[in-house]
Amino acid sequence: MADYIYTLETRLSPDQLKAVTLVQDAAKAAEMNLYLTGGAIRDVISGLPIRDLDFTVQGNALKLQKDLERAGAVVGDSDDATKALLLTFKGGVRAEIAMARSERYDKPGKPPQIAPATISEDLRRRDFTVNAMALSLNEGSRGLLMDPFNGAADIEAKVIRVLHNYAFLEDPSRLIRASRFTTRFHWPLEDRTQARYVSAKENNYIEYIRSSTIGYEIEQLAYEDDPLSVLKVYEKEGWLKVLNPRWSTAKVDSVGLGALMKTRQQMNELGYAPDAAPAVLYFLTDRMGEKDISDLRRAIPRKDLVEAWKDLEDHAQQLAKRLAGKEAATPSRTWQLLSGARPEMILFLAITARQQAVAQKIKNFFTKWRQVQQKIPLLEMTELHITPQLPAYPKISNDVFLLLLDGKLRSRTETLKYLKPLAPPPPPPPPPPSAKRGRAAKAAAAAAAATATVIAASAKAKGKGKDQPAATPAVVAAKPAAKGKPATAKPAPPAKPAAPAKPSKPETPAKKSAAKPKAKPAPKKGQRNKAKGKKR
Ligand code: CTP
């Protein structure tokens, strides 16, 4: 049996995994059974990127809101009818948590009758077999996959199949969704589904679409990797005018959109993960009028997405202004400014900046300036003990990088000259192993005792007091062990930067003895004192 939890844990990003843990904790605290459902399971099984997380709980998901907000989640919307929360977790992780429900459609175009249900019933109300699976996240059954419609087989066969004959009539947004999934995955509709799709189009089922599902599908476009291809299919199929009567591919800034996707990809490769969704909507609707844009915005359920879309131009403008001003007068200051800016803003401005100087600075930030990092003399820094273990390392390496960026360190020699005074004192040799110390102490004590016995015996022979002189040699002999703190444990004082001049000598004997503690006998009294003297 496939280990879906293992697959899940290896496929999710660290931020997605954290979100799963937070939702699990909240559901557990509320004593609700929790399942990962829908597209996330499809994407886990098929090996495709996991874009968002859909959870289903047996119970009222709205009751988890406070706990999740406390854990840092932002609620983009909540729906009282389906008891669903639309959330964004740290790292831009999108998630939906909904109550397991049954839906009964009495009349086309009318909202379904919703009732709380079990997870099995919930899976029956879904759109396609590949989306109708659930993975248990509950103790006792964790990792159990529920797949009543054999969605895993359809993933294997790469087909989109509805669950039943009334699927498109009950929820005509499934027509739009079918077009979206076939375009995204390049998986065709299964034959009977295709026949139902054609018949639904001929019978104009789309007129029964509910406005709430229209908004949901507009929103989903923002998260597509190739939104223009999906939009073209929507236009061809007649779905685009359903989403908005004045929307067409002619209203799209396709050059801007293409540049956006390319720049996002480049940023991903550099380790940035900007949320491109607001900018995608911006370019998809570039040539639409104000009113049409506000209609689209009103329809979208995720309010945080709408706000980000609205603020895009203003925020990018502010960043452009800063980049054109004194704050970005030098490469290093520009670097610092851009490093602190939101990746979404950099992404958007990289494509829309009107001032050549601003565009060039962003370009340098992603290309030329990054190459300056190669000039940081890492090898020499290691030799100088300026390594990542050093608390000051991030600051030192950043300072060197910024100086190199501004051309203030023009050669390797200059860089090393700058670095040398920042080198820490050499690391102290490790203390001798404690086992040896114990043996040495015992040997010393035994020697002292023997000496004492001899002295006492000779004193006795000379007719003096038994215990008078015995103390002196015993104390001397026991001194190194009794002190307990060998000189080697003391770090060299930081005020002496000249210390690296002889870094290896004090280390060598200690290193040797640490490496072969058993091979060497305990040092003799004289040797220990000698070593001690050296270390000091
Ligand atoms: N769903 C449905 N009918 C709809 C909308 C959603 O049955 N009209 C169910 C599906 O099980 C779907 C899940 O709700 O998988 C989540 O919806 P959504 O996030 O829109 O779709 P995903 O399948 O997750 O697709 P995407 O990869 O685009 O997020």
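All ligand and atom numbering here is 1-based and tracks the order in the structure. Everything numeric here is computed off the predicted structure, so don't read it as measured data.
- Remark: minimum distance from atom 8 (N) of ligand 1 to any protein heavy atom is reached at D171 OD2, 2.9 Å.
- Distance check: R11 CZ to Q16 CD gives 9.0 Å after rounding to the nearest 0.5 Å.
- Closest protein heavy atom to atom 18 (P) of ligand 1: Y216 OH, 3.4 Å.
- Every atom of ligand 1 is numbered from 1 in the order shown, and the set under 4.0 Å from a heavy atom of R180 is 28 (O).
- Of the protein's non-hydrogen atoms, the one nearest atom 24 (O) of ligand 1 is D54 OD2, 2.9 Å.
- For atom 26 (P) of ligand 1, the closest non-hydrogen atom of the protein is R184 NH2, 3.4 Å.
- On a distance-only criterion, E217 and ligand 1 share no N/O pair closer than 3.5 Å.
- Heavy-atom separations between T213 and ligand 1 are all 4.0 Å or longer.
- When each atom of ligand 1 is checked for a heavy atom of G38 under 4.0 Å away, the hits are 11 (O), 15 (O).
- Between R51 and E224 there is a salt bridge, since a side-chain N of the basic residue sits under 4.0 Å from a carboxylate O of the acidic one.
- No hydrogens or angles considered: a donor-acceptor pair under 3.5 Å links the side chains of N131 and R42.
- Against a heavy-atom cut-off of under 4.0 Å, S173 is close to the following atoms of ligand 1: 8 (N).
- Within the structure, the closest approach of E96 to ligand 1 does not fall below 4.0 Å when heavy atoms are considered.
- R177 NH2, 3.5 Å is the protein heavy atom nearest to atom 12 (C) of ligand 1.
- For ligand 1 and D52, the ligand atoms under 4.0 Å from any heavy atom of the residue are 19 (O), 24 (O), 29 (O).
- Salt-bridge check for K28 with D25: failed, with every basic side-chain N at 4.0 Å or more from each acidic carboxylate O.
- Side-chain rings of W247 and Y234 stay apart, their centers remaining 6.0 Å or farther from each other.
- When ring centroids are compared, F149 and F128 stay outside the 6.0 Å threshold.
- Contacts of D127 with ligand 1, taken as heavy-atom pairs under 4.0 Å, involve both backbone and side chain.
- Side chains of R142 and Q24: a donor-acceptor N/O pair is present below 3.5 angstrom, by distance only.
- With a 4.0 Å heavy-atom cut-off, ligand 1 is reached by no atom of T37.
- Counting heavy atoms from C-beta on, the side chains of L296 and M288 come closer than 4.5 Å.
- Between R126 and ligand 1, an N or O atom pair is found at a separation short of 3.5 Å.
- Residue nearest to atom 22 (P) of ligand 1, selected from G151, G39, A95: G39 (by heavy-atom distance).
- Using a 4.0 Å cut-off between charged nitrogen and carboxylate oxygen, K66 and E69 do not count as a salt-bridge pair.
- Not a single N or O atom of R125, backbone or side chain, sits closer than 3.5 Å to an N or O atom of ligand 1.
- In this structure, K90 pairs ionically with D15, as a charged nitrogen and a carboxylate oxygen lie closer than 4.0 Å.
- For ligand 1, the polar-atom distance check finds no N/O of A40 at less than 3.5 Å from any of the ligand's N/O atoms.
- Geometric assessment of R94 against the ring of Y223 yields a positive cation-pi assignment under the 6.0 Å and 45° thresholds.
- Residue L53 forms a side-chain contact (heavy atoms from CB on, under 4.5 Å) with just one option from D43, I97, L12, and that option is L12.
- In terms of protein heavy-atom proximity, atom 23 (O) of ligand 1 is closest to R42 NH1, 2.9 Å.
- The closest approach between F181 and ligand 1 falls below 4.0 Å for a heavy atom of the residue.
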